[in-house]
Amino acid sequence: MQPKGSSVPSKEEIYSHEIWIRFANLKRFDGMGSSWKLEDHPKLPKGKTIAVVVLDGWGEANPDQYNCIHVAQTPTMDSLKKGAPERWRLVRAHGTAVGLPTEDDMGNSEVGHNALGAGRIYAQGYKCILPTVQLDTRTLQAFLVGLINFDKNSLLKTSAKLVDLALASGKIYEGEGFKYIKECFDKGTLHLIGLLSDGGVHSRLDQLQLLLKGSSENGAKRIRVHILTDGRDVLDGSSVGFVETLEKDLANLRENGIDAQIASGGGRMYVTMDRYENDWGVVKRGWDAQVLGEAPHKFRNALEAVKTLRQEHKTNDQYLPPFVIVDENGKAVGPIVDGDAVVTFNFRADRMVMIAKSLEYENFDKFDRVRVPKIRYAGMLQYDGELKLPSHYLVSPPEIERTSGEYLVHNGIRTFACSETVKFGHVTFFWNGNRSGYFNPSMEEYVEIPSDSGITFNVQPKMKALEIAEKARDAILSRKFDQIRVNLPNGDMVGHTGDIEATVVACKAADEAVKIILDAIEQVGGIYVVTADHGNAEDMVKRNKSGKPELDKSGNIQILTSHTLQPVPIAIGGPGLAAGVRYRKDVPDGGLANVAATVMNLHGFVAPSDYETTLIEVVDN
């Protein structure tokens, strides 16, 4: 289905970027009109209190000792699976089901909650390999048309693709954001800070490579890259290869007269990339290395740094300690100083907001910055539209419109959303289409419970599951809300630590929280929907092609800290669920995006026609 007035774009339109602007700013599809009014469901009543519970990182896999959900005592989730098979099923939470390019792409919390809330599949994290040479007109046109056609709704609503398009067309260098930082190129240094990875979740190496090349061609004479190693969205240890690739690119720039080097680094979970103000110490460690040029570890080059720190500290890429690169005199080669330009090149917002605040805010009290250089700072995108942060950015951010939350509020559904800090943004910002704040403050209440800080999550694996459940229970019993939406982060956040014993405890705690919520739904005669956003805790080891655990050179099991490709459960029930409601059998490949229409039905409404189809049907007795 093409939007009104659409046509095959000409090469002139593509070069001028007009096609992107026209497509990205469309407000509705053919036949949608401007009304928010939803049609009443012909068989399902309104007025039922509905609890929507998202178990983060809770997939379905074969039972074995590395399946922490299987090992843990989870009587509540077990009862949902075994008690009513017609009201329990699996849905896809990875690959094309959540807008990722291939079935080899793991889902994640952000794309998962986007799909759950939007009810449609939006292209996410597109891993295209862009050419590093000047594109001819015909090639560029074919590339951009391919990007446009990739999204099933003919709308490009993804941060990664926005960046791809801006880099491929060269328009990124003509925008106000780049012009703003370019003012520093004559006398200052361009600093690029971000995740060095090809995971396609927060950043992509090929985008950094193009940004380096394009910046040097557009006036940057001195460039410093501050790398953050991954090991979370990609295999642990892959940082070595990424550093080698980047060093080759920088060497090529130096051969062409550009002073380009890696200046500092550290692991993403220990340096810079904290989110939701969980632990400002993470950002401070990045500030000290990147801005002050100070770190506990100093090396002459980044490859030596990564290899040495991994070996001597027995740590993985995620938690690599901060380091700086120094010259032959022991002086840091790239601290950020007055007159410099800084770009954070991650395209995903959540783990860039905190560093953006530290770089941009004049009044800042989260930690002692010691020295605050006068710089020109821009994000790859604007990471928070409500805060207008950062105020300068290279590419305009996307926003998913007409989400289920916005529709339901317009149709009188009072909503309560709650999680702890590390996942609060997922049941609000990402659920609502990458939008901060309320749709209608008089109809909504969002509650954030502070996460533990200063420790890794395996130290306190129960996290705040009990507190979240109690807040949800109180909201349900108050009868003030029609929908109570929560995220229980335990399976994902503890699973990422690779601590199997702690992850078992985490799964048990999440199950106990689900019981508290379901008991409250029972008391008010309501309905529950229990699902997940992606897999993690159900498989904690790397596996070979035959499915057996992989061993390292010493014969030890290789722990898996990333998400998985497994499907996730969705269970419905409760005393308020109408007789005859069951899962349809004609949606075998249903995914997370089908959940929104399902929840709308349970609220007594028919979903918009362009939403992914509902998972349920009502069979007359």
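Side-chain N or O atoms of Asp533 include one that pairs as donor or acceptor with a backbone N or O of Gly57 at under 3.5 Å. In this structure a side-chain-to-backbone donor-acceptor pair under 3.5 Å is present from Tyr383 to Asn346. Side-chain atoms of Glu444 come within 3.5 Å of backbone atoms of Asn440 as a donor-acceptor pair (strictly under, hydrogens ignored). At least one donor-acceptor pair closer than 3.5 Å links the side chain of Arg120 to the backbone N or O of Arg402. A donor-acceptor pair is defined here as one N or O able to donate and one able to accept, closer than 3.5 Å; such a pair exists between the side chain of Ser216 and the backbone of Leu212. Remark: the backbone N or O of Ser451 is paired with a side-chain donor or acceptor of Thr421 at under 3.5 angstrom. Proximity of a side-chain donor or acceptor of Arg268 to a complementary backbone N or O of Leu196 within less than 3.5 Å is not detected. Using a distance-only test at 3.5 Å, with no hydrogens or angles considered, no donor-acceptor pair links the side chain of Glu448 to the main chain of Phe424. Within the 3.5 Å criterion, the main-chain N or O of Arg369 finds a donor-acceptor partner in the side chain of Trp287. No side-chain donor-acceptor contact under 3.5 Å links Gln318 to the backbone of Gly267.
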Q. Given the rule in the side chain to side chain contact (heavy atoms under 4.5 Å, CB included) test, do Phe439 and Asn432 qualify, once you have shown the distances and angles that lead to the verdict?
A. CA-CA 9 Å; Phe439 293 115; Asn432 291 335; 3.2 Å; yes
Q: Take His202 and Ser197 through the test side chain to side chain contact (heavy atoms under 4.5 Å, CB included) and record every step on the way to the result.
A: CA-CA 8 Å; His202 292 269; Ser197 171; over 6 Å; no
Q | Verdict with supporting geometry, Ile172 and Met380, side chain to side chain contact (heavy atoms under 4.5 Å, CB included) | A | CA-CA 10 Å; Ile172 193 170; Met380 181 64 86; 4.1 Å; yes
Q: Apply the test side chain to side chain contact (heavy atoms under 4.5 Å, CB included) to residues Phe430 and Asp350: give CA-CA distance (whole Å), side-chain angles for both, the deciding distance (0.1 Å), then the verdict.
A: CA-CA 10 Å; Phe430 290 108; Asp350 58 337; 4.0 Å; yes
**Q.** Stepwise side chain to side chain donor-acceptor pair (under 3.5 Å) test for His534 and Asp56
**A.** CA-CA 7 Å; His534 57 76; Asp56 216 292; 3.2 Å; yes
Q.
Is there a ring-ring contact (aromatic ring centres under 6.0 Å, His included) between Phe347 and Tyr393? Walk through the geometry before answering.
A. CA-CA 11 Å; Phe347 53 71; Tyr393 42 91; over 10 Å; no
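Interatomic distance, CG of Leu211 versus CG of Asp206, reported as 11.5 Å (0.5 Å rounding). Here CD1 of Ile181 is found 5.5 Å from CG of Leu394. Values are rounded to the nearest 0.5 Å. Summarising the geometry, atom CZ belonging to Phe323 is positioned 14.5 Å from atom CZ belonging to Arg285; distances are rounded to the nearest 0.5 Å. One distance of note links CG of Leu250 with CD1 of Ile262; it measures 5.5 Å at 0.5 Å rounding. Taking CG from Asn316 and CE from Met269, the interatomic distance works out to 10.0 Å, rounded to the nearest 0.5 Å. In this structure, CE in Met354 is found 10.0 Å from CZ in Arg351, a value given to the nearest 0.5 Å.
Salt bridge Asp249/Lys213: absent, no basic N to carboxylate O contact under 4.0 Å. Salt-bridge annotation for Lys374 and Asp340: absent, with no side-chain N of the basic residue lying under 4.0 Å from a carboxylate O of the acidic one. With salt bridges taken as basic N to acidic carboxylate O contacts below 4.0 Å, none links Asp198 and Arg204. Contact check on Arg232 versus Asp230 returns no salt bridge, with no Lys/Arg side-chain nitrogen under 4.0 Å from an Asp/Glu carboxylate oxygen. Between Arg275 and Glu110 a salt bridge is recorded (basic side-chain N to carboxylate O distance below 4.0 Å). Using a 4.0 Å cut-off between a side-chain N of Lys or Arg and a carboxylate O of Asp or Glu, Arg435 and Glu406 qualify as a salt bridge. Comment: Arg300 does not engage Asp327 in a salt bridge, judged by the lack of any side-chain N to carboxylate O separation of less than 4.0 angstrom. Look at Arg310 and Asp317 and you find a salt bridge, because one of the NZ, NE, NH1 or NH2 atoms lies within 4.0 Å of a carboxylate O, short of that distance.
For His563 and His94, the gap between ring centers reaches or exceeds 6.0 Å.
Aromatic ring orientation, Trp280 versus Phe367: tilted (interplanar angle from 30° to 60°). Between Tyr446 and Tyr438, the angle of the ring planes lies from 30° to 60°, which puts this pair in the tilted group.
Looking only at atom types and distance, the side chain of His226 has a donor-acceptor partner in the side chain of Ser264 under 3.5 Å away. Thr344 and Tyr377 share a side-chain donor-acceptor pair at under 3.5 Å. Side-chain contact of Thr245 with Gln209: a donor-acceptor pair under 3.5 Å is absent, judged by distance alone. For the residue pair Asn114/Asn434, the side-chain donor-acceptor check at 3.5 Å is satisfied.
Enclosure of atom OH in Tyr270 is not indicated, since only 12 or fewer non-hydrogen atoms of other residues, nucleotides or ligands lie within 6.0 angstrom. By the 6.0 Å contact criterion, CD on Glu328 is enclosed, its count of non-hydrogen atoms from other residues, nucleotides or ligands being greater than 12.
Within the 4.5 Å cutoff, side-chain heavy atoms of Ile449 are placed close to those of Cys418. Inter-residue side-chain proximity for Glu420 and Pro450 is flagged as unmet; no heavy-atom pair is nearer than 4.5 Å. Within the 4.5 Å cutoff, side-chain heavy atoms of Asp492 are placed close to those of Ser109.
Nearest heavy atom pair, residue Ile336 against residue Arg371, reads O-NH1, 2.9 Å. The two residues Ser239 and Thr229 come nearest to each other via the heavy atoms CB-CG2, 3.6 Å.
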